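This is a predicted model, so every value here is computed, not measured. What you see below is based on every heavy atom in this structure, not just the backbone, and it leaves out hydrogens, waters and symmetry mates.
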Amino acid sequence: FRIFIENMPAESCLVYCEEDDSLRKLAETLNSKVKKEPYRTPNYSIVNGSFCVTYDGTACMMSIFGRHNMQNLEGARHICSHLGITDKHFFDAISGFSGAGKRLQLLAENHNKAVFLDFAHSPSKVEATVNAAKEQFPGRKLLACLELHTYSSLNKSFLVHYAGTMEQADDAIVFYNPETIKHKRLPMLTKDDVSDAFKKKDLKVFNTKEELETYLLSRKPQDVVYLLMSSGNFSGIDFKQFALELLG
């Protein structure tokens with residue numbers, strides 16, 4: 001963010017979420033030649049299981065859900081306004097937007113189960129995604145599974161930033177592949193390293209694809225939301241097929 005802001009040309013406009021304390025401080029102190037336009041989470045409600053945003057007295061039902069998505073929506077509205085797109089045209093279009101791939105992407109569902117996939121590339125995004133799923137399905141058990149896959153997430157000194165990020169999950173699982181750590185030439189992690197960092201009671205940690213699949217498929221909860229979070233593929237899991245097996 002710092003590099004991005006410092007390299008913005010003069011007279012350009014920075015649209016940013018001021019509810020992010022670190023981002024707000026950067027925006028307020030860097031590059032005085034840039035116009036700054038902060039925004040906040042819009043007022044929303046949940047109506048019959050769907051997120052609803054109200055503008056100018058008109059209720060707009062959304063196909064996406066979660067507080068973080070609502071923040072992104074508001075940021076997009078500000079940018080579209082600069083492009084000459086009216087709020088009416090914006091909401092007419094955004095109401096049918098079901099989300100980008102691997103951003104709370106619905107893989108499969110039936111009457112009492114749903115499986116979502118999310119990129120969740122940073123600790124803050126993990127927390128936002130877990131909280132969004134819990135907010136959207138408050139009456140269901142949330143089983144959240146995160147793969148540590150990026151360089152930073154597999155770095156022991158960085159792991160502490162994940163503390164508390166999966167607190168809202170009823171069943172929390174973290175997976176990592178030791179071969180990925182070797183490939184990235186990083187110091188090896190232990191399961192205890194991961195458990196200690198996340199500070200989540202009853203956190204399950206797996207480091208082989210087989211034990212992860214066995215655990216998930218052996219669980220037969222009803223009224224559940226499965227949340228698979230990774231920038232990888234859990235060492236070769238076919239997400240579409242696996243989602244159908246979870247529903248089974």
Side-chain angles (χ1 to χ4, degrees), residues 46-51 61-69 96-121 125-150 153-154 162 165-180 189 191 194-195 198 200-248:
I46 301 177
V47 180
N48 296 325
S50 296
F51 274 60
M61 304 302 296
M62 297 293 115
S63 298
I64 54 177
F65 65 88
R67 180 180 178 85
H68 190 66
N69 267 333
F97 177 60
S98 59
K102 296 194 75 173
R103 298 290 187 183
L104 279 171
Q105 176 186 352
L106 179 63
L107 296 177
E109 68 176 335
N110 59 22
H111 65 285
N112 64 358
K113 296 181 182 180
V115 185
F116 289 91
L117 176 64
D118 195 90
F119 194 65
H121 63 280
K125 297 300 186 292
V126 171
E127 184 172 20
T129 301
V130 169
N131 291 348
K134 193 64 176 179
E135 184 178 21
Q136 177 69 358
F137 302 97
R140 293 190 182 186
K141 181 176 182 179
L142 176 59
L143 192 157
C145 182
L146 169 68
E147 177 184 16
L148 302 177
H149 188 262
T150 63
S153 68
L154 291 169
Y162 284 96
T165 57
M166 299 179 75
E167 193 59 36
Q168 290 298 312
D170 299 294
D171 194 349
I173 303 159
V174 175
F175 168 79
Y176 70 94
N177 186 336
E179 292 302 316
T180 302
L189 292 175
K191 291 184 177 181
V194 176
S195 294
F198 274 77
K200 167 68 174 173
K201 183 179 179 182
D202 299 326
L203 179 76
K204 285 88 174 175
V205 182
F206 299 120
N207 58 15
T208 71
K209 173 187 172 184
E210 292 71 25
E211 63 180 351
L212 174 66
E213 290 181 317
T214 297
Y215 177 80
L216 290 175
L217 293 174
S218 68
R219 310 284 288 175
K220 300 295 181 182
Q222 299 299 311
D223 296 320
V224 63
V225 173
Y226 292 95
L227 182 57
L228 306 176
M229 298 177 286
S230 177
S231 59
N233 59 15
F234 291 90
S235 297
I237 287 180
D238 182 327
F239 288 127
K240 289 286 188 180
Q241 179 59 38
F242 192 58
L244 294 175
E245 293 177 21
L246 290 173
L247 294 188

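- Two residues are said to be in side-chain contact when any heavy atoms from C-beta on lie closer than 4.5 Å; K141 and D223 fail this criterion.
- For the pair L154 and Y176, the tightest heavy-atom approach, listed with the atom from each and the gap, is CD2-CB, 4.1 Å.
- Distance CG/L246 to SG/C145: 9.5 Å, rounded to 0.5 Å.
- With values rounded to the nearest 0.5 angstrom, K204 atom NZ is found 10.5 Å from L216 atom CG.
- When all heavy atoms of L247 and K113 are compared, the closest pair comes out as CD2-CB, 3.5 Å.
- Across all their heavy atoms, S230 and H149 have their closest contact at OG-CB, 4.5 Å.
- Between the side chains of D171 and Y215, at least one donor N or O sits under 3.5 Å from an acceptor N or O.
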For E135 and F51: C-alpha separation, side-chain torsions, deciding distance, then whether side chain to side chain contact (heavy atoms under 4.5 Å, CB included) applies. CA-CA 10 Å; E135 184 178 21; F51 274 60; 3.8 Å; yes
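- Annotation: side chain to side chain donor-acceptor pair (under 3.5 Å) contacts of T129 (sequence neighbours excluded): D118.
- Between S235 and N177, the shortest heavy-atom distance links the atoms OG-ND2, 2.8 Å.
- Here the CG atom belonging to L189 is positioned 7.5 Å from the CG atom belonging to L148, to the nearest 0.5 angstrom.
- E245 places no side-chain N or O within 3.5 Å of a backbone atom of L217 that could act as its donor or acceptor partner.
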Ring pair (Phe, Tyr, Trp, His ring centres under 6.0 Å) between F198 and Y162, worked out: CA-CA 5 Å; F198 274 77; Y162 284 96; 5.1 Å; yes
Run the ring pair (Phe, Tyr, Trp, His ring centres under 6.0 Å) test on Y226 and F242 for me, step by step, so that the C-alpha distance in whole Å, both residues' side-chain angles and the decisive distance to 0.1 Å come before the verdict. CA-CA 11 Å; Y226 292 95; F242 192 58; 8.3 Å; no
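- For N112, the side chain to side chain donor-acceptor pair (under 3.5 Å) partners at least two apart in sequence or on another chain are Q222.
- If you run salt bridge (Lys or Arg N to Asp or Glu O under 4.0 Å) between D170 and each of K134, K200, R219, R140, only K134 comes through.
- Checking T165 against E127 by side-chain atom types alone, no donor-acceptor pair falls below 3.5 Å.
- Among V115, V225, I173, L227, the one residue that satisfies the side chain to side chain contact (heavy atoms under 4.5 Å, CB included) test with L143 is I173.
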Using the side chain to side chain contact (heavy atoms under 4.5 Å, CB included) rule, take K125 and F119 through it: C-alpha gap first, then chi angles, then the decisive distance, then the call. CA-CA 8 Å; K125 297 300 186 292; F119 194 65; over 6 Å; no
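- When all heavy atoms of G236 and K209 are compared, the pair lying nearest together is O-NZ, 3.5 Å.
- Ring geometry, F234 versus F239: the interplanar angle exceeds 60°, so the pair is classed perpendicular (tilted spans 30 to 60°).
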Walk me through it: do I64 and L104 pass the test side chain to side chain contact (heavy atoms under 4.5 Å, CB included)? CA-CA 8 Å; I64 54 177; L104 279 171; over 6 Å; no
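- Nearest heavy atoms, L203 versus V194: CD2-O, 4.3 Å.
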Given side chain to side chain contact (heavy atoms under 4.5 Å, CB included), test M229 with V126 step by step and report yes or no. CA-CA 8 Å; M229 298 177 286; V126 171; 4.2 Å; yes
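- Between the CG atom in N69 and the CD atom in Q136 there is a gap of 10.0 Å [rounded to 0.5 Å].
- Remark: side-chain polar atoms of E211 are paired, donor with acceptor, to backbone N or O of T208 under 3.5 angstrom.
- Within 6.0 Å of the NZ atom in K220, the count of heavy atoms belonging to other residues, nucleotides or ligands exceeds 12.
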